[in-house]
S.K.: 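The structure follows.
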Amino acid sequence: MADATIRRIVGLPTAAWLESPLPATRFILRGAPGARAAAGEGFGLSLPETACRAATDGNRAALWLGPDEQLLLAPDGEVEPIAASLARALQGHAYSLVDVSHRQVGIGIHGPRAEWLLESQCPLPLNLRDFPVGMCTRTVFGKAEIVVWRPAEQVFRLEVWRSFATYVAELLREVDRESIA
Amino acid sequence: MQKYSAWALLREAFGGQRGWQSQWRRASPAPEYDAIIIGGGGHGLAAAYYLAAEHGITRTAVLEKSWIGGGSTGRNTTIVRSNYLFDESARLYDHALDLWQDLAQVLNYNVMYSPRGVMMLAHGVHDVQVLKRHVHANRCNGVTNEWLSPEEAKAFCPPLNIEPNIRYPVLGAALQRRGGTARHDAVAWGYARAADALGVDIVENCEVTGIRRDASGAVAAVETSRGLIKSRRIGVSAAGFSSVVIGLAGVRLPIESFPLQALVSEPVKPVVPCVVMSGSIHAYISQSDKGELVIGAGTDAYTSYTQRGALHVNSHTLAAICELFPTLRRMRMLRNWAGTVDVTTDRSPIIGKTPVPGLYVNCGWGTGGFKATPGAGHLLAWTMAHDEPHPIVAPFNIERFRDGRLIDEAAAAAVAH
Amino acid sequence: MTLGTVGADGAISRGDTVDCDTVLMSGGYTPSVHLFSQSRGKLRWDAELQAFVPGASAERERSAGACRGVDGLEVVLNDGAQAGAAAASDSGFEGTAPRYRAVAREFSRRGAPGALAQPGNDPPAKAFVDFQSDVTTRDLVLAAREGFESIEHVKRYTTTGMASDQGKTSGMNALAFVAAGLDRTPPQVGLTTFRMPYTPVTFGSFAGYDRGNLFDPVRTTPTHEWALAHGAVFEDVGLWKRARHFPRPGEDMHAAVARECLAVRSACGVFDASTLGKIEVVGADAAQFLSRMYVNNFANLAVGRARYGVLLREDGFVYDDGVIARVANDRFHVTTTTGGAARVLGMMEDYLQTEWPDLEAWLTSTTEQWSVIALQGPRARDVLAGLVEGVDLSPGALPHMSVARGRICGVPMMLFRVSFTGELGFEINVAADYGQAVWEAVYAAGKSHGITPYGTESMHVLRAEKGYVIVGQETDGTVTPDDAGLGWAIARSKPDFVGKRSLERPAIKAPGRKQLVGLLTVDPATVLEEGAQVVAVPAQSPPMQLIGHVTSSYASAVLGRSIALAMVADGRARIGQTLYVPMPGGDIPVQVTAPVFYDAEGVRLHG
Amino acid sequence: MLIINCPYCGPRPELEFSYAGQAHVARPADPSATGDDEWTAYLYLRTNTRGVHAERWRHARGCARFFNALRDTTTDRFRRDLSER
């Protein structure tokens, strides 16, 4: 990409269990229920109809955030092709598609302590029974709003608005630091 | 009324303290009164006292569903101040502050009014603008209030953290030296005792269950858990329960009731010498004469009559206290409770007549009613005695909501940019 | 110390005297019903135990063991096991309670309530009830004598139970004693409320991690590091850190702001406006939706054009403002104030979801998608010219209040021709990750044109010179559009918009409302204090007849004098009059003017 | 802390929600034709019920939807499963 040289991604602290954010293509899709099915054709995977569930296929994912709101994730640099493909698939439907690739950053947390670290500042129970693999939702972490998604048993991915990302990462590290000290 | 004096103390010290009398009678309701006040908190008891003392209306009853002073009076953080922004508010609250000055003498009861100063902190440029506007408006209205630099604020309140590197540094403060605290229970008991001495019946455990109106629509009587009581002049002073009580007469008030929490620490030696308030990070603190740190939070988000709030609201307040007073971090919360506060849209009270003849209301004080106790009682009594609003309370009528003539103390603190 | 025994009737017999160093006192046993009581369960008086025990539950909890008055180790263990098994079973799990046998010696834990000197004792014995507050039975007798009969009154009058044990050692004894004195049973007198916490807990425990920089998130913009490196002084605006000014060595804020402002007026300045809220409104009914929300009309806004919008609350008072651009027929880019971003989005969602669900329009916050670089000043176009691709910057092609898409530094850009300074102005919107690089490129390209970074303080001065209001500074939630001089924005032909009906209320239409005006001090060197009051008649003593207040006040470098904005009763009719600002040092005379101090014709804006 | 049943997401902690006042207070269809008293009632008058209260919540930090619920304001207990979309 021609723009890679001038890009400056949010720099966050890292740890063995804390992945620094990677750039991604992100869209918020909102619209009438019919748009969801159509959008699936354009995006290349069936968008989840069940509340608080994610659907994935290869390197693309769709996260149910609300009955009329989906977060679409894809590798970096695919804004134009995905927008074009969705526009074709959604022709005739009432919907809104907005590029939010830079609005938020992804933070990965993994390992045996991941669930415990997140639960420390998140009011939701994150055990496997209440928050199984494949579940995702918007919620809070400390004083920040986050999207949390569990792609695997010991892997969580957070999506955080960029100006809150430093806070979230530092708070995670502080919880970790205090609990192992 | 038995007069409290140095002589009386001396006499009783030698007499085994056996000569003290009941501070107020345990009255049973009479069939009829010239005036009834519903609500035996500070406001209601004060109104009854002033009805008797200043207007000669001694055939008055205060009806309290439980024990006097047990509602918002006994649950608030006892802050007394008058540094409000708008001219109408300044007059109203300063009238109360004037009455506080010699209230103990007037009532012959130690209400422990302590003008130790109320300091309101500014944490941002916008806070500075808002508080300075208060200071200027107050000065021109004859209300004491002054601006302090961070260093002056710290000199006045030494444990305050004014380091510039904290999350929300203190950029300055507005100080009302005449503000302070008083003992909430004593205010209720002092008014009760003084009113009782003038012949007012204080009827506890008497819940009002209905308000009867005559053919003309005017009030005629109240139905209570202790029977029907007639009166053609009824004042409602029921704080968080105002809309429930006044609803009995078919009147709707622009009020919602929210939980408001407070807490105290274990008692320690004097450490916080004044009242400190930080509106923008929601922390209010003072120290009682017993040594407890008295801390108030913001209201919970939803209407409720449970007198219970959520822990996260208090946690937020305590985090703010720890930021402003790091030395208090290891103080311990002893007791937490909540009251029910009646909040109007413009955060200003409603005092005056209602659409129902003979029915008067004093409510909507939200989180700040205690400071107004003497003033609200005084002005409600005047209004009931004259059947017209006292000039000071005239702007605080119900009609202001219809006309759009709001006295919006809340909006004055709106966030900038 | 002299020992004695208390008989069943309360009579005390005098016994032996023993030497001792320390006295340990017990309030007796009583079940710890605190948690049950705090869960709003109803306590029941057990006359045999002489204690309150859990009665009807409010929650689906169970009390087990000593806290419900069960006595003896073996019994308690089995009680707990059974309660646990029953709770598990009710929750859908299986399990049976094991059976325990205790081999230890059993104690009786029957309590002590009432084992105190009683009111009838003669001579009166002194007996402590509250060991921490030194409350004695005599104090309780005195309280009763003075009419404090409710147990809450007794507690508050004597402070029994208010020490750090919160009545754990004293509560039942005080109650039993008061009840006996009043010739009632304990449940007739009633308990004081059990408050949380069960045991005192440090403030720090509640505060937890909410301390220092984690007390509240610190939000920074994409150019934050650049600003830091260039000496910016920051201010807190909500959670954001915004650069307030960029002092050079030796400069105070006043000097820095004067320099920054002059640079914008004479050459160009660059400003980070990224914190402004942004909402993408998309859908076939987007224009109609915005026309219902804002006082303005958006149906007739052409694609590629922008309009200043005013948002009211339903009560008619100004709530927010911003620039709203139509970027496609069914797509609007809405900006809000920094502080208003979240609440405006919430308000819009409310109307969309609950009042007008039939409208085809959807909202997405894009506040953080975009880095917004405001480039303002007569040289702004020259600076941009060499940087942008695909946009015709000429006034004809990109007039004031318009928007175009193009590229800058090789990345996509939305370029707004807007101005909050009164100068020729642009706001470059690029995706946030490119913000700092584009800012640096603009700064480098502007060097030869005298480009100067400026902060929020200069932004405030520049807009005040032009009489542009800031919501929250000129307005305070009691101000209508007309009060703030924004009546021109109202599309009066519209049948309805949020707040329209409230503008017809009597007090809103009554004369005497405060209106936005300018104030010029007679002495141009005097800068009024913001928040200072305004009077018509000088030399008043308090309480004065106040007619307004100063909302904004600055030293204007370009005008070489001070300026102020104020809200003054009937202000527009007073233009030309002399009013006074009463200060502790005396009245400051001011002349009332229109609220535009610089380039009233707007020539520079359209340059 | 209240546990609130979001009709879309299920029971969630209060921290994720914002309270949105009494339910069923509809904005008059034609505000201009609404009298002063009726408009005042719409703006300011609420039942402030002591008892079962029909109210609105928004799962603001969840699915972002507004919904109605019934809660007893004397106990803060929600009527179970009566949240409606």
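In what follows, chains are A, B, ... by sequence order, proteins preceding strands, each numbered from 1.
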S.K.: Check B:T303 against D:R71 and note the closest heavy-atom contact, atom names and distance.
M.R.: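 In terms of heavy atoms, the two residues are closest at O-NH2, 2.5 Å.
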S.K.: Looking at D:M1, D:H53, D:R50, D:E55, which makes the most heavy-atom pairs under 4.5 Å with chain B?
M.R.: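 Ranked by contacts with chain B, first place is D:R50.
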S.K.: Side chain, backbone, both or neither: which part of B:L406 has a non-hydrogen atom closer than 4.5 Å to chain D?
M.R.: side chain
S.K.: When rounded to the nearest 0.5 angstrom, what distance separates CZ in B:R308 from OG1 in D:T75?
M.R.: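 That separation rounds to 8.0 Å.
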S.K.: Between atom CG of D:L45 and atom CZ of B:R252, what is the distance when rounded to the nearest 0.5 Å?
M.R.: 5.0 Å
S.K.: Hey, which of B:G247, B:P259, B:S304 has the most heavy atom pairs under 4.5 Å with chain D?
M.R.: B:S304
S.K.: Return yes if some donor-acceptor pair links the side-chain N/O of D:N48 with the main-chain N/O of B:S257 below 3.5 Å, else return no.
M.R.: yes
S.K.: Once rounded to the nearest 0.5 Å, what's the spacing between atom OG1 of D:T73 and atom OH of B:Y305?
M.R.: 6.0 Å
S.K.: Side-chain contact, heavy-atom cut-off 4.5 Å: B:I255 with D:Y44?
M.R.: no
S.K.: B:T306 and D:D76: which non-hydrogen atoms are nearest, and at how many Å?
M.R.: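 Heavy-atom minimum between the residues: OG1-OD2, 3.2 Å.
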S.K.: Given heavy-atom pairs under 4.5 angstrom as the criterion, report whether the side chain, backbone, both or neither of D:T40 touches chain B.
M.R.: side chain
S.K.: Considering only heavy atoms, which portion of D:L2 lies under 4.5 Å from any heavy atom of chain B: side chain, backbone, both, or neither?
M.R.: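 For D:L2, the side chain is the part near chain B, not the backbone.
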S.K.: Is the B:F258 ring parallel, tilted or perpendicular to the D:Y19 ring (thresholds 30°, 60°)?
M.R.: perpendicular
S.K.: For chain B, which residues from residues 11-18 of chain D lie under 4.5 Å away (heavy-atom distances)?
M.R.: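 Within residues 11-18 of chain D, near chain B: D:E14, D:L15.
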S.K.: Using non-hydrogen atoms only, which part of D:W39 is less than 4.5 Å away from chain B: side chain, backbone, both, or neither?
M.R.: neither
